[in-house]
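As structure tokens, the structure follows; a few thoughts come after it.
Numbers restart at 1 for each chain; the letters A, B, ... are given by sequence-line order, proteins then strands.
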Amino acid sequence: MPLSEQEIVRREKLHKLRDMGIDPYPAAQYHVTTSTAAIKSHFEEGKKVVIAGRLMSRRIQGKASFAELQDGKGKIQVYFNRDEICTGDDKTLYNEVYKKLLDIGDFIGIEGELFTTNVGEQTIMVKNFVLLSKALKPLPLPKTDADGNTYDEFNDPEMRYRQRYADLVVNPSVKDVFVKRTKLFNAMRSFFNEREYFEVETPILQPIPGGAAAKPFVTHHNSLDIPLYMRIANELYLKRLIVGGFDGVYEFSKNFRNEGMDRTHNPEFTAMEIYVSYKDYNWMMEFTENLLEHCAVAVNGGTKSTFGQHEIEWKAPYPRVTMTDAIKQFTGFDITGKTEAELYDFAKSIDIEVDQSMGKGKLIDEIFGEKCEGNFIQPTFITDYPKEMSPLCKTHRENPELTERFELMVCGKEIANAYSELNDPIDQRERFEAQAALADRGDDEAMFIDQDFLRALEYGMPPTSGLGIGMDRLIMFLTNNPSIQEVLFFPQMRPEKKAGVELNEDEKIVFERLKKHQKADLNHLKEESGLSNKKWDKAVKGLTNKKVAKVSKTDDGLFIELSS
RNA sequence: GACUUGGUAGCUCAGCUGGUAGAGCAUCACACUUUUAAUGUGAGGGUCCUGGGUUCGAACCCCAGCCAAGUCACCA
């Protein structure tokens, strides 16, 4: 990639600094005494401070200059005055180093004193400064006016995601989202740890990808010579630990699914799963609403959050609605005791796409997804799902067609999923076998039979309730971001094309000819190459752009020669 | 996977009916010792996403492709 004008200028400055004996990348620790945030919250006129950060803007007015310094906590104005910095006759540090050789984006360390300017801005009067790291690429530089309007915002999503480091430097609100993300994780951890549930780690590389219905990423282990799968879920491993005697285990699990990407799906995403023994899904509902209330307060300072047009109230308790009642409420249709044919006809009558392969459970799920799901804006537990959709969930204690399962809906989307876990090993084996039958019919997302997991269940698993929460979706709701990419530091992107310095075919032809001659008359070489006007023109422009050849004009005509 | 929109200077964007590539900020030079989207004067900076085609001539029109965003479909 050829360097831009501004990048070349910055490299020249780098050399000048070195020539002056200034190391643009010094090794030594820089001892700061404070931060921008601390200065602002405990502002004291005349206080001496040492601070470091990135130079973010400059307003040079001859012998004085205002600039902004940004550190991890925020920004503060700094005042560079020639005679404050250069107390002797040598004014080089201000005139040359500060004015000419520093750039926006450079890291500097500052020693100075606090004061307030005539217009009332809290500022650091610089007494001395050092360069800590030179930036060779100009930052995309938004400007903000007195009313807080931003101009020239760095807002192209593609560039922001590909260069998140630059995005984080120039867009403070981006950083806030990730601060909140970490607060959410910390809040959950402390909630669980207070209750003495145990944080664990389970395999990411799994010989059998279990615990969910999804396409896995496959890889290969060389010395074992076996395929391994990136986990699509960690559920079956956490249950093994319950078998092993832990009363409560949880894990923040990076999961991987080899499926489509869109605004709400990234190939790798984070789920939190927790399993607690001797509990059922009723207990888990209460636990979940208390957890989320706790998290909402920890992240946003209150139980309310805004998402698009909606204000979400996270305060517990949340309504419980059975799937049957939800469908009754939004379609007027009672699914209780209906046959598959009746469900099929009803679904068809309300314009839901159906086909003959769909069983009762799938039909009910379609009706719910199409007509009900989107209506639950405030956190609502939807309970008692049809059995065939939930092969790891215990059969409902009162209705054998249903399971003891709930999902938590917020803004029409699922953010949590929980069961009274199936712990009957024989029932579990039959459910897996039903899945295997689906796989034989071509369902590439049906679950594999995990014999080792069944063996674990045969040793006995206590009654247990488990909960999974989509952490990325939850933080989207808590930070008002409709796109998952905004809550992941580095969302998956198609790789950028390599900027090729290689020559194309036409350029190679010209290059080969030119190597024989070293220097040639432009028109002669053109004829020799046999290229059309347009192709010739492109090829020569390509070669000169890539600094392979250069064209010179003399009294004798136009010549082309290889660059040295 | 389908459709829609977009890709032009470091950044944000204009670019008319096809006729020498534009602005603001940023950069460089000069001036300016409490400014704040600092200001004034001047200058430089381009693979107009890529490859073909039409044309005397393409950023612009046509074809193919790449990348992204959005909508839908699929999928938890």
Side-chain angles (χ1 to χ4, degrees), chain A residues 1-10 12-13 56-68 75 77-85 94 99-100 103-105 115-121 123 125 135-163 166 170 212-215 232-233 255 257-265 269 271 353 365 369 373 389 407 413-415 417 443-445 468 470 473 482-483 485 491 493-497 499-501 504-506 532-535 538 541-542 544-546:
Chain A
M1 236 357 217
L3 295 175
S4 71
E5 182 196 26
Q6 295 193 43
E7 289 171 310
I8 292 165
V9 167
R10 289 193 181 207
E12 285 165 0
K13 291 180 181 182
M56 292 301 285
S57 71
R58 285 203 294 180
R59 295 178 288 279
I60 295 178
Q61 306 165 68
K63 298 178 188 66
S65 171
F66 291 90
E68 272 178 308
K75 283 187 201 171
Q77 178 168 269
V78 291
Y79 177 59
F80 287 84
N81 182 302
R82 189 193 67 183
D83 299 328
E84 297 285 343
I85 294 167
Y94 181 81
K99 270 172 74 175
K100 307 251 174 187
D103 283 296
I104 289 169
F115 77 108
T116 306
T117 64
N118 290 344
V119 290
E121 183 84 14
T123 304
M125 168 91 69
L136 294 183
K137 243 177 134 53
L139 286 168
L141 202 73
K143 292 221 156 197
T144 307
D145 70 14
D147 302 326
N149 301 313
T150 303
Y151 302 83
D152 300 336
E153 191 183 8
F154 182 54
N155 58 10
D156 178 49
E158 180 173 358
M159 277 201 281
R160 286 184 46 235
Y161 302 152
R162 287 196 197 280
Q163 304 186 35
V170 303
K215 287 176 212 144
I232 55 176
N255 296 337
R257 298 189 181 176
N258 204 342
E259 295 172 350
M261 295 161 56
D262 61 29
R263 221 177 32 163
T264 54
H265 296 84
F269 64 99
E353 270 185 51
D365 193 60
E373 201 174 53
M389 308 300 298
E407 289 192 351
K413 295 266 191 280
E414 171 217 336
I415 62 164
N417 182 21
D443 185 344
D444 56 357
E445 292 192 343
R473 294 218 181 144
S483 159
Q485 288 133 310
M493 304 284 276
R494 221 177 266 273
E496 290 175 271
K497 247 192 297 182
V501 282
N504 68 30
E505 287 308 308
D506 294 340
S532 69
N533 282 348
K534 191 162 187 168
K535 288 189 173 200
K538 280 231 173 202
K541 276 184 181 161
T544 50
N545 272 333
K546 286 163 189 161

Starting at atom [atom1] of [X], determine the distance to atom [atom2] of [N], rounded to an integer number of angstrom.
X: A:Arg59; N: B:A31; atom1: CZ; atom2: C1'; answer: 19 Å
X: A:Glu7; N: B:G46; atom1: CD; atom2: P; answer: 12 Å
X: A:Asn118; N: B:A38; atom1: CG; atom2: P; answer: 18 Å
X: A:Met56; N: B:A37; atom1: CE; atom2: P; answer: 16 Å

Gap in Å between the two P atoms, one belonging to B:C13 and one to B:G6, rounded: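 Rounded to whole Å, the distance is 13 Å.
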B:A23 and B:U17, which share atom name C1', separated by this distance in whole Å: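 B:U17 and B:A23 have their C1' atoms separated by 23 Å.
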Mate of B:G40 where both pairing distances stay under 3.5 Å, Watson-Crick or G-U: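 For B:G40, the partner nucleotide comes out as B:C30, under the 3.5 Å rule.
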Paired nucleotide for B:U5 [Watson-Crick or G-U wobble; both distances under 3.5 Å]: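 The base-pairing partner of B:U5, which may sit in any strand shown, is B:A68.
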Looking for any heavy atom pair under 4.0 Å, which part of the strands does [X] touch: base, sugar-phosphate only, or nothing?
X: A:Glu12; result: nothing
X: A:Tyr79; result: base
X: A:Gln61; result: base
X: A:Asn417; result: nothing
X: A:Arg162; result: sugar-phosphate
X: A:Val119; result: base

Residue closer to the 5' end of RNA chain B, A:Met159 versus A:Phe66 (nearest nucleotide):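 On the 5' side of the pair lies A:Met159.
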Of A:Arg82 and A:Thr144, the one whose closest RNA chain B nucleotide lies more 5':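 Checking each residue's closest nucleotide, the 5'-ward one belongs to A:Arg82.
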Excluding sequence neighbours, so at least two apart, what forms side-chain contact (heavy atoms from CB on, under 4.5 Å) with [X]?
X: A:Ser57; value: A:Arg59, A:Glu68
X: A:Asp145; value: A:Asp147, A:Asn149, A:Tyr151
X: A:Ser483; value: A:Tyr161, A:Arg263, A:Gln485, A:Glu486

Got a sec, which residues hit salt bridge (charged side-chain N to carboxylate O under 4.0 Å, His left out) with [X], two or more places apart in sequence or on another chain?
X: A:Arg162; answer: A:Glu158
X: A:Asp103; answer: A:Arg10, A:Lys13, A:Lys134
X: A:Glu84; answer: A:Lys127

Any residue meeting ring pair (Phe, Tyr, Trp, His ring centres under 6.0 Å) with A:Phe66, in chain and number order, not counting sequence neighbours: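 So A:Phe66 forms a ring pair (Phe, Tyr, Trp, His ring centres under 6.0 Å) with A:Tyr79.
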Protein and nucleotides 69-71 of chain B: nitrogen or oxygen contacts under 3.5 angstrom:
residue	atom	partner	partner atom	Å
B:A69	OP1	A:Gln485	NE2	2.4
B:U71	OP1	A:Arg263	NH1	3.1

No-hydrogen, no-angle side-chain donor-acceptor test under 3.5 Å, A:Glu7 and A:Ser4: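 Present: a donor and an acceptor within the cut-off.
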Minimum-distance nucleotide (side-chain atoms of A:Ser4 versus B:G10, B:A37, B:C66):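 Selected nucleotide: B:G10.
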I'd like a table of atom pairs between the protein and nucleotides 25-29 of chain B - only N or O on both sides, under 3.5 Å - with the distance next to each one.
residue	atom	partner	partner atom	Å
B:A26	OP1	A:Lys143	NZ	3.4
B:A26	N3	A:Gln6	NE2	3.0
B:U27	O4'	A:Gln6	OE1	3.4
B:C28	OP1	A:Lys13	NZ	2.3

